[in-house]
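Encoded as structure tokens, the structure appears first; notes follow it.
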Amino acid sequence: MKEYEHKKIDKKWQQIWEKEKVFKADDESDKEKVYVLDMFPYPSADGLHTGHLLSYTGTDIVSRYLRMKGKNVLHPIGWDAFGLPAENFAIKKGVHPRETTWRSIDNFRRQIKSVGFSYDWDREINTADPGYYKWTQWIFLKLYEKGLAYKKKAPVNWCDSCQTVLAREQVIDGRCERCKNQVIQKELEQWFFKITDYADRLIKDLEKVDWPEPIKQMQLNWIGKSEGALIKFPLQGFDFSVEVFTTRPDTLFGATYLVLAPEHALIEQLKERIENIDEVENYIQKSKEKNELERTDLAKEKTGVEIKGIRAVNPANGEEISVWIADYVLMGYGTGAIMAVPAHDSRDWEFARKYNLPIKEVVKGGDIEKEAYIDKGILVNSGEFSGLDSEQAKEKIISHLKEKGLGEAGVSYRLRDWLISRQRYWGAPIPVIYCPVCGIVPVPEEELPVELPDDVDFKPTGYSPLKDSKSFHKVSCYKCGRDEGVVRESDTMDTFVDSSWYFLRYTDPRNSQEFASKDKISIWCPVDLYVGGAEHAVLHLLYARFFTKVLYDLGYIDFEEPFLKLRNQGMILGEDGQKMSKSRGNVINPDEIIEVYGADTVRVYEMFMGPFEDSKPWSTKGMIGVRRFLDKVWNMAQILKKKTDSNVLPYSLPQEDIPLVRLLHKTVKKVTVDIEEFRFNTAISAMMIFINNLNREVDNIDDVKILVNVFRSFIIILSPFAPHLSEEIWEMFGGEDFVCRQMWPIYREDLTQEDEIEFVVQINGKMRASLRVPTGLSQEEIEEKVMQINNVSKYLDGKQINKKIFVPNRLINFVVK
RNA sequence: GGGCAAGUGGCGGAACUGGCAGACGCGUAGGUCUCAAAAACCUAUGGGCUUUUGCCCGUGAGGGUUCGAUCCCCUCCUUGCCCACCA
């Protein structure tokens, strides 16, 4: 068997496709549009990895398939080019981030082209290009106008190694997502986007999209909507009260003390009246010093201090209760204060036990001496509400409180506003200035973009390098015109801001007047299929949905969900079954394997490894098996070429009712259905079965025309998977145009049906025999044949048949005694 | 602690969502070709019995529903991912 020359063939077709702009997405076309999108890569210095190849091959197969089905496909690529690694490299080596980033992009582009992906390269975008980030800044201004971007002083997560704040989503187990350094708390003035305003819509609209269920679940958990009540506890001797949020208003009678978060504003307010203020302040100071990890460590024993001199009143029964501060109560959730119901909340129970606070049972069903009873049940010790079940009691207690003006139904979310300030250089500058007279002044649209200056030093300082740039701050106030004391905001935006709208830019990537024209957006959007890693479940995917809703509300777009269908590719592990990493030395380099085995082999192998969404280990041996398959295809082309001499036969899909043509139709069906369902592995297996059969049959069939056209049909369906080899073979047989522009074959259902099947005979559910019969036989006909089989009569003779189960074309089961 | 996936040969994985478990590929063994090797091709390949026709066991473990369970239900174990003092 001869191997095909992949190096020559790959290159040849990549050049031709590029020159002819075969994959251009046509804004003017009458065909039905489909937008197939990959999550664009961060162009790291390491280059493309096998995971990129997996997801990009998947979308490429779908894109090529859809074009052949007559669709107008938008399949673009670009670069998520801002980010920390380039800047950290600049700090280490002194090379400007632009330089390293541009170099990495060139490398990524080269690598992506070497795999033969069918992108429309005319639409390439780069988030670090001023022509792009001008519009990132513009969107910021729109959010600012709408009151959705605001600045506030807040305790933030600070990574000392990256020298910047992090969004909550970027803190993993109290550590920086990127460098794994421990994150500390800092009070800083920062810019936020008000994503919490959209919490309900972000939940509700999940119903509209076809996304993997786990991803939806993760978003729901992240937004974390809880319904309950806001209840006011009056303070003894004051004319104001402490408001708490609870999901269990039914347990109100069991609230035996209140707990405030250490950051709660009330403490400052009541300072004068607190008897043990030193002790309290000491506690506050201590909890400030703890980092997120220490504070949220579940294993740790709860601590707290009673605020002496301050007492509250339980609005349900008028009982006087104590007030505490403790750092197990978080300022960021609810109202930053809780009513403690130790009998029915395990955290409160633990705390009450430690500090000898009263534990009062108000819901029957548990043993509160041993542990908190957290389930719902029948109320006791709850005055007029005793005897009700929790659900009824909830409503009644809320309306009772409402009458007295001491409470109402309330909702709380886990979701926090999105902190977008970053004290770094390599990002889009936040387009505002600070004027000593006018305060915060947004940069007017016509002044955009606010470009990154070059007179900066890259060193870890704890503030953005932009702060020290002279040229950057040469600006006068847009409102009053003064220039003395006027400075620009020197923080840049989180790179997730850049990627929250990039899918819109692809529709109109060179527009200098708008972020994208309404017309172009409406031609292509929303995205029909979006593919990328599951790690973006609560970051990018939530932010992009938020931006889409904001732009919808502002009237710039007419859809509310950006990505209609989402699929996640699985992780490709090293050959040792471990996660690929440089330190383990198990990283597969795409360049090397493409060089040695060819682009098509790598593409087909990555799809053949297993289900698209599963994690699976790399196997170079397995890949060689795929190469053998492609070599078989190539050899078949040589064999058939010889048979046809130099005659060019017109192509059409064979329709003859012979076994080989039936197998072809069956294979076409399998591949068609499998592509649509993202089951590329079984599609490839079907094609392997086909070529093995053709190999066996090729010398038994005399009609060369049928043979060649069966083979050419096969090449057409192979082409989305192995496009280079397919083009070469298509050309070899004098095929018109490109194989990637052929119509996808339409299989004939009747030819995909089996005419003979293996019919199974069971006795008491155990398989005892099978027989080859034509399809469609009736139970009587089957029974007649079955009774003649030795192994069946052996089991039936002298037995009583209680029941016969007949499944047409499949099996018959005799239940005997 | 909570939520969600998933557990099938020596390995990656198939199995129309209740109907022949192990497709396809890798690996392994034997064979053909060769002076020899590699490649390629052919045959075999879940385990255990059996001279053959055959029989028994087998989809993480145990139970259940069913004529029939990899698939549905219950309990448990293991692995992975996500969240986690969220009131």
Side-chain angles (χ1 to χ4, degrees), chain A residues 1-3 172-173 212-222 224-226 228 244-248 251 255 259 261 295-300 302 326-330 332-341 344-348 350-351 374 412-416 534-535 537-538 571 575 577 605 608-611 613-626 628-629 631-632 635 670 673 679 681-689 692 695 757-770 790-791 794 802-807 809-816:
Chain A
M1 189 156 94
K2 268 183 73 180
E3 293 184 6
I172 311 293
D173 292 333
E213 232 19 75
I215 299 285
K216 286 190 182 185
Q217 203 54 51
M218 276 189 234
Q219 289 215 348
L220 286 176
N221 291 343
W222 188 261
K225 182 177 183 173
S226 298
V244 304
F245 172 76
T246 178
T247 53
R248 294 293 301 274
T251 63
V259 189
R295 225 183 119 166
T296 58
D297 183 7
L298 270 165
K300 163 203 88 154
K302 293 181 181 24
D327 63 6
Y328 80 91
V329 175
L330 308 173
Y333 184 77
T335 62
I338 62 155
M339 63 176 210
V341 185
H344 306 293
D345 180 288
S346 22
R347 294 154 300 180
D348 298 342
E350 192 191 322
F351 192 80
I374 55 175
S412 204
Y413 299 92
R414 239 182 49 98
L415 183 70
R416 312 291 161 82
E535 67 274 17
V538 287
M571 206 189 320
E575 298 217 52
Y605 173 61
F608 185 60
M609 289 172 81
E613 312 215 352
D614 288 5
S615 292
K616 51 234 153 188
W618 183 268
S619 156
T620 299
K621 284 252 175 71
M623 186 182 54
I624 292 170
V626 165
R628 281 205 270 267
F629 159 63
D631 282 332
K632 277 185 203 167
N635 272 283
K670 179 81 181 141
V673 171
R679 298 191 329 206
N681 54 334
T682 49
I684 292 163
S685 134
M687 291 191 282
M688 287 171 166
I689 292 170
N692 289 343
N695 247 320
I757 40 123
E758 198 74 14
F759 199 91
V760 169
V761 184
Q762 293 184 341
I763 316 287
N764 288 339
K766 274 199 174 16
M767 208 265 271
R768 291 302 175 191
S770 74
N790 263 342
N791 205 41
K794 184 168 113 193
N802 289 342
K803 213 172 173 186
K804 295 177 204 165
I805 288 125
F806 177 76
V807 184
N809 292 328
R810 229 175 256 286
L811 61 76
I812 185 158
N813 185 12
F814 297 95
V815 185
V816 300

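All values reported here derive from a predicted model rather than from experimental measurement. Every chain is numbered from 1 and lettered A, B, ... according to where its sequence line falls, protein lines coming before strand lines.
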statement: Comparing nearest nucleotides in RNA chain B, the 5'-proximal residue of the pair A:N692, A:D614 is A:D614
task: Assign each of A:V760 and A:N221 to its nearest nucleotide of RNA chain B by heavy atoms, then name whichever residue's nucleotide is nearer the 5' end.
output: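 On the 5' side of the pair lies A:N221.
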field: Syn/anti state for B:G9 [syn: chi within 90° of 0]
entry: syn
query: Under the 3.5 angstrom rule, does the side chain of A:E758 hit a backbone N or O of A:S770 as a donor-acceptor pair?
result: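 Side chain of A:E758 to backbone of A:S770, a donor-acceptor pair under 3.5 Å: no, none is there.
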message: Between A:N635 and A:D631 (side chain of the first, backbone of the second, donor and acceptor by atom type, cut-off under 3.5 Å), is there such a pair?
response: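 Yes; judged by distance alone, with no hydrogens or angles, the pair exists.
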Any protein N or O atoms within reach of nucleotides 26-29 of chain B? Criterion: under 3.5 Å, listing atom names and distances.
from, atom 1, to, atom 2, distance (Å)
B:C26, OP1, A:R628, NE, 3.0
B:C26, OP1, A:R628, NH2, 3.0
B:G27, OP2, A:R628, NH2, 3.2

Decide whether [X] and [Y] meet the rule of one side-chain donor and one side-chain acceptor closer than 3.5 Å.
X      : Y      : answer
A:S619 : A:E575 : no
A:Y605 : A:T620 : no
A:N813 : A:K803 : no

query: Can you list the stems that include RNA chain B, where a stem is three or more consecutive Watson-Crick or G-U pairs with distances under 3.5 Å?
result: B:1-7 with B:77-83, B:10-12 with B:24-26, B:27-32 with B:40-45, B:46-49 with B:54-57, B:60-64 with B:72-76
Contact under 4.0 Å: A:S615 side-chain N or O vs B:G80 OP1/OP2: no
field: Closest nucleotide among B:C20, B:A87, B:G12 to the A:P617 side chain
entry: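 Ranking B:C20, B:A87, B:G12 by closest atom to the A:P617 side chain puts B:G12 first.
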- request: Establish, yes or no, whether the cationic atom of A:K302 lies under 6.0 Å from the six-membered ring centre of A:Y328 and within 45° of the ring axis.
  value: yes
- prompt: How about A:Y413 and A:W222: are their ring centroids closer than 6.0 Å?
  reply: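 A:Y413 vs A:W222: aromatic centres not under 6.0 Å.
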Distances for protein N or O near nucleotides 65-73 of chain B N or O, under 3.5 Å:
from, atom 1, to, atom 2, distance (Å)
B:C67, OP1, A:K803, NZ, 3.1
B:C67, O2', A:N813, ND2, 3.3
B:C67, O2, A:N813, ND2, 2.3

- prompt: Is there a donor on the side chain of A:R768 or the base of B:C20 sitting less than 3.5 Å from an acceptor on the other?
  reply: no
query: Base, sugar-phosphate, or nothing for A:N802, non-hydrogen atoms under 4.0 angstrom?
result: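 Touches nothing.
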- prompt: Any side-chain heavy atom of A:K225 within less than 4.5 Å of one from A:L220?
  reply: no
- request: State, yes or no, whether a side-chain contact exists between A:I805 and A:F814 at a heavy-atom distance under 4.5 Å.
  value: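 With C-beta onward as the side chain, the pair stays apart.
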